[in-house]
J.: 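Can you read through this structure? Questions will come right after.
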Amino acid sequence: MMTHLPDASGPGEDERPDRKDTNLSQVQSNNGIRNIAIIAHVDHGKTTLVDALLKQGQVFREHQEVGVLIMDSNPLEQERGITILAKNTAVSYNGTKINIIDTPGHADFSGEVERIMNMADGCLLLVDAVDGPMPQTRFVLQQALSHDVAPMVVINKIDRPEARVDEVEELIQDLFLELATKSEQLDFPVLYASARDGYAVADLDAPREDMQPLFEAMVESVPAPAGNPDEPFQMLVAALDYSNYLGQIAIGRIFRGMARFRAPVALLRNGDEPQPQNLEKVFVFRGLERLEVTEAQAGDIVAVSGVEGVSIGDTIADGEHPEALPSIEIDEPTVKMTFGVNTSPFMGKEGTHSTSRTLHARLRRELRTNVSLRLETTDSPDEFLVSGRGELHLTILVETMRREGHEFQVSKPEPATKVIDGKVYEPFEHLTIDTREEYIGPLTENLAGRLAETINISNDGEGNVRLEYNIPTRGLIGFRSAFLRDTRGTGVTNSLFTGFRPMSGEVKTTNNGVLIASEAGTAITYGLLIAQGRGETFVEPGTPVYAGMIVGVHPRDADIEINVCKEKKLTNMRSATADIIKRLSPPLLLSLEDALDFIADDELVEITPKNYRLRKKLTSATARQRQRRNTAKSKV
């Protein structure tokens, strides 16, 4: 076990190539500060660990009620139980300030990891004692080592009965051997913890009391930040915030010099001319609070206001010596979809922002903080092509905009391809599935049609299997729903982008037909009963519908137009069964992710603050019939 701790002034402090680009004439260390990023695969316990560090790091008053998952303050993070945005906090231990950066674990938000790694001097790799290293573990560790930060490892959840600590530790060492770029990166401390129970130990036989061993390891193994406070000020912007009182707030690390109240500075971006600005306020972090100070020193992570028009990756430098730092590099997006103005008959009834101008302005504003996002215009002035790192990445954007009152429509997600030497290349991903062995058959059959290549199949001898595949991103689109169905909801799937390859083959999926409302009105029980004779419905009685809206699904590969607004005709005749109440089956209610997985290329999801609706791109039955005829003629 690699459990010894290197000196604080050890490898990495003077050897980092990305630190040399800061033009420091004299490297100094601020021994009172440590900057560390916590990285891990999704659900391995990063935010819970930060909770424990905050509670034991002299941040809260005694007996203060603070709850759990303190750093996940975004409503969507709380609802979904995942970290979406990287956030930083600070604790104090024996006079040393420890800036902690909590990062997302989901692959779709890996851009958040890439943008904050420049702020850290060390990384804490957290690994589940049961799952071991997962696909995202590899990615985040590779990012950290490429930025030459000092690593340390914490094996979490050792309190679980099925924990396999020794085996997981060997797998971690194998991962480091594979990814390390220099020998010093193989010399790292290993600790064992239960973040939920609030303890960490350097030896499994040691008393399990608190987080003190982890605090000590952070101070001893993570090098102090380098930076000469006497040199001209230089700061790289890694995050943005907004205050109604202060305006735009830039968050980043001071690489040299001092950030001073009311100091003249220059904003530098992509080789443009320096823009003169002034620092209006300077804040440092303590716990969950920002403390206003008159100056902050090199190596610290600060928030500053007064710099207008700043974006992530920009440099804020001394006004008299404007020298830019290398910008933040982010990997390419892998999935794209069209955002357009809502063109349904219900346009403008439920949202407060429904024009192309407000839609484009909102997407442009998102680019300033969402560094993994790309925005392109199309031939239509009412449609915009948005690219991101995955379906979940774009889904979170859609849900955020919906809650802000925007009304729009989105198309089916597609892979973000690129042309190299005349050939079309598409993104590929490494897919990992954990499930029971009885589901291997249906999963293998499904994935074979999605062009997946088997890499490895492992069995733990107790019926649990791990399947690994290489699969094109287009094969993963719509797979989540089929996966939950095939595994009866008992499986776990993770994927990680691996690169671009030439596009080949055709993805084969099971296509269901849809039930399309033929008339506008309000859905009636009698009409829905007729529709349920053909398939499953998506709407309840009393739901407003319009012609061209998708109201259900049926098992055959053909669309059926049906009138769900049809009422039962009344007659003079009495029936022995007239008073028997006919009961509808409950409607199939789709989440946003399910809806995006479900729709075909000729369909859209209408997004409003109150509803998701599925619809055909062409709501007119005559227009759809004409399009089918033209398509058939073109094939001939």
Side-chain angles (χ1 to χ4, degrees), residues 18 21 35 37-39 42 71 74 76-77 82-88 101-120 123 136 139-140 142-144 146-147 149 235-242 248-253 255 267-272 301-304 307-316 324-337 339 360-376 384-401 413 416 418 427 473 496-497:
D18 55 329
D21 292 334
N35 299 320
I38 299 183
I39 57 176
V42 64
M71 295 293 287
N74 186 298
L76 281 173
E77 292 178 321
I82 60 173
T83 300
I84 297 172
L85 301 171
K87 308 174 202 65
N88 55 291
I101 309 164
D102 184 21
T103 65
H106 200 286
D108 284 28
F109 308 111
S110 51
E112 294 289 304
V113 180
E114 295 167 14
R115 74 170 172 83
I116 60 87
M117 203 54 73
N118 283 300
M119 294 197 294
C123 71
Q136 185 68 359
F139 172 81
V140 294
Q142 191 170 28
Q143 283 290 323
S146 68
H147 283 78
V149 299
M235 166 183 167
L236 184 66
V237 179
L240 295 177
D241 198 359
Y242 186 82
Q248 191 78 65
I249 297 174
I251 301 171
R253 169 177 166 164
F255 279 86
L267 176 63
L268 304 167
R269 176 187 301 142
N270 297 331
D272 296 344
I301 296 174
V302 299
V304 298
V307 183
E308 297 298 328
V310 65
S311 298
I312 291 174
D314 293 350
T315 299
I316 302 174
L325 288 160
S327 188
I328 299 172
E329 296 183 4
I330 304 294
D331 284 348
E332 299 176 78
T334 59
V335 174
K336 63 183 180 181
M337 63 186 189
F339 284 56
H360 185 251
R362 176 62 182 85
L363 292 172
R364 291 280 301 174
R365 192 165 71 249
E366 185 69 20
L367 293 178
R368 300 180 65 181
T369 56
N370 199 333
V371 292
S372 302
L373 211 64
R374 302 289 185 272
L375 176 64
E376 302 173 43
F384 309 98
L385 190 63
V386 180
S387 305
R389 292 290 277 271
E391 280 186 89
L392 182 60
H393 183 204
L394 295 178
T395 299
I396 293 296
L397 172 61
V398 170
E399 180 64 21
T400 302
M401 292 174 60
K418 61 181 181 180
T473 298
L496 181 66
F497 170 69

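Nothing here was measured: the structure is a model prediction, and the numbers come from that model.
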J.: Please report the shortest heavy-atom distance between Gln143 and Met117, naming the atom on each side.
T.: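 Of all heavy-atom pairs spanning Gln143 and Met117, the closest is O-CG, 4.2 Å.
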
J.: Working to the nearest 0.5 Å, report the span between CG of Leu363 and CG of Leu385.
T.: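 These two atoms lie 10.5 Å from each other.
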
J.: Which atom pair, heavy atoms only, marks the closest approach of Phe255 to Asn118?
T.: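 Closest approach of Phe255 to Asn118, heavy atoms only: CZ-O, 3.5 Å.
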
J.: On a heavy-atom basis, which atom in Ser387 and which in Lys336 lie closest, and how many Å separate them?
T.: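 That would be OG-CB, 3.5 Å.
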
J.: Just to verify, which of Arg374, Arg368, Glu366 counts as forming a side-chain hydrogen bond (donor to acceptor under 3.5 Å, both in side chains) with Asn370?
T.: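 Of all the options given, the one that passes is Glu366.
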
J.: For Leu240, is there any backbone N or O sitting under 3.5 Å from a side-chain donor or acceptor partner on Thr369?
T.: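 Checking the backbone N and O of Leu240 against the side chain of Thr369, no donor-acceptor pair under 3.5 Å is found.
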
J.: Supply the atom-to-atom distance Leu325 CG to Leu236 CG, rounded to the nearest 0.5 angstrom.
T.: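 Output value for this atom pair is 5.5 Å.
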
J.: How far apart are the closest heavy atoms of Asn88 and Ile251, and which atoms are they?
T.: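 Looking at all heavy atoms of both residues, the closest pair is OD1-CG2, 4.0 Å.
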
J.: Any side-chain to backbone donor/acceptor pair from Thr103 onto Val113? Under 3.5 Å, distance only.
T.: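 A pair under 3.5 Å: no.
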
J.: Can you list the steps and then say if Arg269 with Val237 is a side-chain contact (heavy atoms from CB on, under 4.5 Å)?
T.: CA-CA 11 Å; Arg269 176 187 301 142; Val237 179; over 6 Å; no

J.: Do the non-hydrogen side-chain atoms of Leu375 and Arg364 ever get within less than 4.5 Å of each other?
T.: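 Leu375 vs Arg364: side chains touch.
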
J.: With distance as the sole test, does Thr334 use its side chain to make a donor-acceptor pair with the main-chain N or O of Arg389 at under 3.5 Å?
T.: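 Pair found, side chain donor or acceptor close to backbone of Arg389.
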
J.: Check Val310 against Ala250 and note the closest heavy-atom contact, atom names and distance.
T.: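 Between these two residues, the closest heavy atoms are CG1-CB, 4.1 Å.
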
J.: Flag the pair His393 / Leu373 as yes when at least one side-chain heavy-atom distance between them is below 4.5 Å, and no otherwise.
T.: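 Yes, at least one pair of side-chain atoms sits under 4.5 Å.
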
J.: Please report the C-alpha distance between Met337 and Val398 in whole Å, then the side-chain angles of each, then the deciding distance to 0.1 Å, and finally whether the side-chain contact (heavy atoms from CB on, under 4.5 Å) criterion is met.
T.: CA-CA 11 Å; Met337 63 186 189; Val398 170; 3.7 Å; yes

J.: Is the side chain of Gln248 donor-acceptor paired with the backbone N or O of Asp241 at a distance under 3.5 Å, no angle test?
T.: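 Indeed, once roles are kept as given, a pair shorter than 3.5 Å links the two residues.
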
J.: Looking only at non-hydrogen atoms, find the nearest pair between Ala324 and Leu268 and report the distance.
T.: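 Where Ala324 meets Leu268 most closely, the heavy atoms are N-CD1, 3.5 Å.
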
